[in-house]
Amino acid sequence: MSTPEIKLDSLLQEDRVFPPPPEFARRALVSDPEVYARAEADPEGYWAEWAEQLHWFRRWDRVLDWQPPDARWFVGGTLNAAYNCLDRHLDGPRRTKPALLWEGEPGDRRAYTYEELHREVGRAANALKGLGVKRGDRVAIYLPMIPEAAIAMLACARIGAAHSVVFGGFSAESLRDRIRDAEARVLITADGGYRRGGVVALKRSADQAVEEEGGCPTIEHVLVVRRHGAAADSVGEAEMKAGRDVWWHDAVEGADAGCPAEEMDAEDLLYILYTSGTTGKPKGIMHTTGGYLTQVYATTRWVFDLREDDVYWCTADVGWVTGHSYIVYGPLANGATVVMYEGAPDWPDRARMWKTIEDYKVTIFYTAPTAIRAFMKWGTDFPAQHDLSSLRLLGTVGEPINPEAWIWYHKFIGGERCPVVDTWWQTETGAIMITPLPGVTHTVPGSATTPFPGIQADILSLQGECIPTGGGFLAIRRPWPSMLRGIWGDPERFRETYWSKWTGKAVGGSQPGEGVYFPGDGAKRDERGFFWVIGRIDDVLNVAGHRIGTMEVESALVDHPSVAEAAVVGKAHELKGQAVAAFVTLKEGQEATEELKKELSDHVVRKIGAIARPDAILFAGDLPKTRSGKIMRRLLKDIAEGRALGDTTTLADPNVVQRLKGEYEAKES
Ligand code: WTA
């Protein structure tokens, strides 16, 4: 990879500055910028202060042991994540405080106080033990957005088993790959989940994952939550396989609620979460207990200015890292009241989100730019139908937010009184890394502003020089508590992917490049020192805030018997940020028909899941390649986005790409 292809001029010159609203700043948890200097003066001492606010069975001996790329945080300390999210709140008034306020898509509701959630988690933990799950095992979770998702995660944490949550939108095949890679013993799923009035038949996919094409030899039991029962005629009652399948209500409801929390080492595995990378095989990102919990706790508190009476709603799915860190672990470790919603934002109508905010008097709302762009398109009438005056803070995550969407969000949802925090981070970082502090930062729409106190982010050239203003590679120069500890089963890929960009170089003139983390994003820094994250510069797409590897989609296409070769690129999309565009070469004798296009598109969905469905498929006689045979995706991207072609001098045959461009334009018009 050469210098990142960053189109800086594509960013608006953004001069609108939004200081913290005075009313907000006056009451904010942090209103003095000296927190940054204090953290910089002694980062380890600063993180230790945060860690002290958690409950430890045994205090750590050392804050950090850093042997790049291997970090150990809070060495020698022991704790339990579920204990920190539940038990420690039971001594005071939080015992009867709502922990989880859940609403199903059809409108059914469930609420759990901390005491009740604690009891449910204890039961689920004992049920898992009853199924043979032990400390150190892995448990796969494939659930809709129902309370049992959070309960299952916390139950695993309680007994020291690592969870591997797989987003419910992934296909059976994706689920199977992840279960096999993690060697999970138990799979927790549901008969289905509601989405736009219909039912997603998760159990059916789970059965396919576990039974077909070699199945999942490590799975001993499948624990099934009854979400819809026989209510959904279209799906019918889930088939239960004797000996293997167990209903959640049979195993959990009768179980004893008393289950001691395992004393875990700070560096014991809390969970694995798979994310897309540059190859066809997703990476099992590993997060451990002490450092992860410390940073999700700290960032939830300061970034969202969390107070005791807040009602906090993050719209992510628990299948993504945002759901892990900012629905479950961060807010619950803080004793917050969390709203959780099962379904689609436009069901039964496009006011559902705003109605929910009014109904629950939500004060903090955290969502994705892709959702905001959809809300914008639906228009201001929908939010105007509801009382949004309870809101006091808005957040975004997952992709760059275009300034227009930011302004719309600020004005029509936040009523111009709520600060907007644009938070940059990733599955690998575990917690928020670059973000405003709402009582301190003068925000600029489109910029995630500055690193959270204690985080050292930078913009570097390929040679490792700091770029004070301008564009380059985003880099993290100092270890942080919630950093990934590895890729499950693949230490070499861990080193290679994240820690090798500046190997052998002196970063900033003196720092050994081996200890500098490369997140895969390109970014620029403006005159204020603010960061503008532009997006992935590797072969990873960000479609509606979801990471999808181009190689994953290509492998799915090539898996189809008619396909000889495929190249996938991201194409700018008004709502989704990026959409999948695929260029496909068919095998000899295969006919390029519209039906085949549809079949290929369905094939991708079957292999990966609906999030990867291509927006456009173009049959190509040939793909543009360099003389060494490498497909030039950059040129395909130019074609897909209707731009003039970039440099074609290294191509083996420049005519190929010209012809393709002509064909594409003929199709589009
Ligand atoms: C992108 C989601 C710009 C980025 C938490 C990153 C962002 C990837 C932002 C991680 C933001 C996330 N501004 N880009 N505020 N937040 N990204 O692992 O490209 O699903 O590398 O984690 O999303 O996606 P992931």
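What you see is a predicted model, and the numbers here were worked out from it, not measured in a lab. Whatever order the structure lists them in is the order used to number ligands and atoms, beginning at 1.
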Take a 6.0 Å sphere around CD of Glu416 and say whether it holds more than 12 heavy atoms from other residues, nucleotides or ligands. yes
Determine whether more than 12 heavy atoms belonging to other residues, nucleotides or ligands lie under 6.0 Å from atom CZ of Arg493. yes
Going through the distances and angles, do His442 and Phe18 end up as a ring-ring contact (aromatic ring centres under 6.0 Å, His included)? CA-CA 5 Å; His442 293 231; Phe18 293 79; over 10 Å; no
When you look for protein heavy atoms under 4.0 Å from ligand 1, which residues do they belong to? Val321, Thr322, Val397, Gly398, Glu399, Pro400, Asp422, Thr423, Trp424, Trp425, Gln426, Thr427, Asp521, Val533, Arg536, Asn542, Arg547
Residues that Trp408 engages under ring pair (Phe, Tyr, Trp, His ring centres under 6.0 Å), provided they are two or more places apart: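 Trp408 satisfies ring pair (Phe, Tyr, Trp, His ring centres under 6.0 Å) with Phe412 only.
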Closest heavy-atom pair and its distance - Ala182, Ile272: CB-CD1, 4.1 Å
Could you tell me if Lys501 sits above the aromatic ring of Phe473, with its cationic atom closer than 6.0 Å to the ring centre and no more than 45 degrees from the axis?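 Lys501 over Phe473 ring: yes.
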